[in-house]
Amino acid sequence: MSDERKTFTLDGQDVEFTEGQTILQAALASGTYVPSLCYHPEFRPHGSCKVCTVKVNGRTTASCTTPATAGDTVELATDDLKDLRKNLVQFLFTEGNHFCPSCEQSGNCQLQAVGYELGVVSGHYNPLFPSRPVDASHPDVLLELNRCILCELCVRASALVDRKHVFSLSGRGITKHLVVNAESGRLADTNLSVEDKAMSVCPVGVILRKRRGFRVPIGERTFDTHTASEIALAGARGPTEDGAP
Amino acid sequence: MVSDLEKAKDPQKLRRIAIDPVSRVEGHGKVTILLDDQHRVHQVRLHIVEFRGFERFIQGRPYWEVPVMVQRLCGICPVSHHLAASKALDHVVGAARVPDTADRVRRLMHYGQILQSHALHFYHLSSPDLLFGFGSDPEQRNIVGVLAAYPDIARQGVMLRKFGQEAIRITAGKRVHGTGSVPGGVNKAVSAADRDELARALPQVLDWAQQGVRLVAELHLANRRAYDEFGTVSSSLMSLVGRDGKLDLYDGVLRARDADGTLIFDGVEPAEYHTQLRENVRSWSYMKFPFIQSRGADEGWYKVGPLARVQNCDAIGTPLAEAARQELLALAPGRLLHAPLMFHWARMIELLHAAEMIGLLLDDPALQSGTLTASGPRATSGVGIIEAPRGTLIHHYEVDSQDLVTMCNLIVSTTHNNQAMNEAIRQVARQHLDGHEPTEGLLNHIEVAIRAFDPCLSCATHALGKMPLAVELVAPDGRVVQRLVRDAESVG
Ligand code: SF4
Ligand code: FES
Ligand code: NI
């Protein structure tokens with residue numbers, strides 16, 4: 001039984017998987033790209049962005065948190081699901097203050113790259129009238145909260161890898177936002193260091209190394225040379241703050 | 001005196017013509033003319049809705065974002081803002097002198113911008129007036145008309161522009177909204193392949209640029225008296241000059257001369273600009289009126305841009321452009337030229353100079369390799385001044401210890417020329433409109449004078465996009481008597 005091949009169908013194609021893999025992991029391993037934002041290969045799936053949504057036996061679910069099960073019928077690239085993903089990404093763009101042309105993370109931003117991948121063309125150019133002031137208190141790190149998509153990757157990295165709990169989310173629904181672990185609420189009063197894992201996991205441009213912006217020329221940034229799907233299929237996820245995948 | 005047309009004595013009794021907005025000028029502007037029943041001109045004003053919100057908007061942003069962010073100020077001259085902001089922030093990061101490679105790459109970007117902007121302005125926006133006549137049939141008086149009647153000229157304009165845009169692309173990464181220049185330097189050198197591609201095209205570009213200078217000279221000399229007088233009002237002029245006194249559009253010190261050429265100030269470091277310049281407001285215009293402090297608010301206005309620059313410098317350091325400059329200066333030995341239409345001639349001399357400069361830069365090994373950025377002790381403020389295609393552009397920032405911008409002051413080229421443009425159109429109204437039933441052709445004369453300065457209303461107003469031209473004749477009781485609308489020719 002154990003060496004029997006386990007498969008489910010993904011848009012009609014058989015996909016093999018090993019016990020314990022999620023649908024998203026099995027799909028990537030088989031060479032099929034599944035759009036994702038809050039998924040990171042080094043962290044336990046979190047299932048919050050819903051960009052990886054698929055239909056399993058007719059029911060919608062996040063593929064990053066759903067274990068692959070033999071015999072399941074999984075739909076990924078249907079028109080309905082494509083529209084859903086597109087809308088979710090568009091919503092993230094309009095919910096925050098994203099202005100790609102003057103954002104230092106442009107070209108290294110997972111949200112932007114997934115947006116391109118999904119054919120999101122509008123929604124990029126909302127006027128950036130920052131409603132949330134930036135936290136520049138830390139000598140080496142800038143927090144640009146206008147761009148946070150609440151994926152909790154920094155929360156996970158700081159807690160699980162750095163063992164510091166610098167970041168967490170507070171509030172619910174529309175008031176949900178990122179906070180730092182200091183009574184003053186200022187990043188300078190946390191024990192974050194630029195070497196922390198939490199510095200390199202943000203899929204957008206929130207947690208930034210200061211005085212480095214725009215040092216990587218256009219043409220050499222992660223997503224200038226690779227699409228989001230190529231990066232995901234290579235088992236990497238998103239760029240580091242230096243722009244290297 | 002022309003300035004008496006700034007304010008009519010009894011405006012209620014007069015007929016009002018509004019040219020709104022001015023076509024073939026980037027952005028949004030409006031000219032109002034008050035006439036009495038005999039069509040005598042009583043008041044002429046150019047209004048520009050200047051957008052100053054940007055200066056507040058940039059406050060609280062990290063300084064390294066500014067050179068890219070400020071490109072949103074204007075879709076027409078983003079490269080000039082990109083470089084002026086970088087130069088200001090060089091001082092903040094302690095790199096008053098950037099490495100040679102950074103200097104060369106930025107200069108290539110800048111001369112590319114000068115070349116493409118001047119080509120766009122002359123061939124696309126102004127040549128229809130000059131080739132067909134200011135009052136000629138508006139159906140023909142546009143780039144499509146030029147393409148039909150003078151296909152070679154139109155094509156050269158397009159190709160020159162392409163070359164300039166290519167120089168921008170290889171240095172900034174993109175034609176618009178590039179990121180090449182950063183505080184303290186640049187983010188890359190120019191590759192050998194990109195350099196070679198420009199170098200191959202250069203001989204042809206130099207040839208076209210020389211033809212362009214000849215064309216504008218011939219047009220001017222064929223109509224010499226009319227061109228010399230058209231809207232002409234003497235004034236001071238101001239520009240950067242290189243530290244050696246030669247023309248330098250990228251870096252230098254401020255110099256101003258009065259109308260007869262006497263120096264008012266010279267060798268003024270960019271950081272000291274505020275010791276010489278003040279800005280005034282008028283109730284009827286949102287755009288400020290800068291003036292030279294020592295001359296006072298009424299007399300201290302000045303011109304900036306190509307005509308100011310070629311006369312303000314001691315010489316141009318490239319031979320073809322210097323020869324062309326000497327030819328221009330020989331028209332009025334020992335005097336300064338003030339005719340708005342002379343701007344076209346000066347502009348084409350600068351286009352030629354830009355092409356020659358690009359040639360020199362392409363031959364400089366520092367363009368292709370070397371240290372990209374410098375830094376030193378941090379400063380809390382920085383001023384960057386550049387000679388943008390349209391004239392002197394000033395960026396001034398203060399940055400706090402957390403790296404955020406706390407103050408931003410910008411004086412764009414078009415604002416420097418605010419009074420000069422107002423004076424020019426008043427003169428034209430006096431010369432051409434006074435006593436005549438206003439027609440489209442006559443009203444275009446007003447626009448020809450404004451266009452000569454190549455104002456970027458987009459810079460001044462932050463208003464992008466095409467806008468139709470509406471000319472309204474309004475009776476004393478406010479009734480619209482006549483209304484003409486045509487599509488503006490606006491190129492982003
Ligand atoms: S800061 Fe970045 S990593 Fe953290 S929750 Fe926001 S988007 Fe995710
Ligand atoms: S990647 Fe699956 S929910 Fe975000
Ligand atoms: Ni502009």
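Quick caveat: nothing in here was measured; it's all calculated off a predicted structure.
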Any chance you could measure A:Ser102, atom OG, to B:Glu65, atom CD, to the nearest 0.5 Å?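 Reported to 0.5 Å precision, the distance equals 6.0 Å.
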
For residues 365-378 of chain B, pull every pair meeting side chain to side chain donor-acceptor pair (under 3.5 Å), keeping only residues two or more places apart or in separate chains.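 Of all non-adjacent pairs touching residues 365-378 of chain B, those that pass side chain to side chain donor-acceptor pair (under 3.5 Å) are B:Arg378-B:Asp403.
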
Would you mind telling me which of A:Gly213, A:Ser106, A:Cys103, A:Ala188 has the largest number of heavy-atom pairs within less than 4.5 Å of chain B?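 Ranked by contacts with chain B, first place is A:Gly213.
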
Give the member of A:Glu104, A:His138, A:Lys210 that has the highest number of heavy-atom pairs under 4.5 Å with chain B.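 Most pairs with chain B among the choices: A:Lys210.
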
Grab the two heavy atoms, one from [X] and one from [Y], that are nearest each other, plus how far apart they are.
{"X": "B:Ala172", "Y": "A:Ile218", "answer": "O-CD1, 3.7 Å"}
{"X": "B:Val68", "Y": "A:Pro101", "answer": "CG1-O, 3.3 Å"}
{"X": "A:Phe214", "Y": "B:Val182", "answer": "O-CG1, 3.4 Å"}

Side chain, backbone, both or neither: which part of B:Pro67 has an atom under 4.5 Å from a heavy atom of chain A?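 Neither part.
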
Evaluate the side-chain proximity of A:Val134 to B:Arg61: yes if any heavy-atom separation is below 4.5 Å, no if none is.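 In contact.
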
Side-chain contact test, heavy atoms from C-beta onward, threshold under 4.5 Å: evaluate it for A:Leu142 versus B:Trp64 and give yes or no.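 A:Leu142 reaches B:Trp64 side chain to side chain.
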
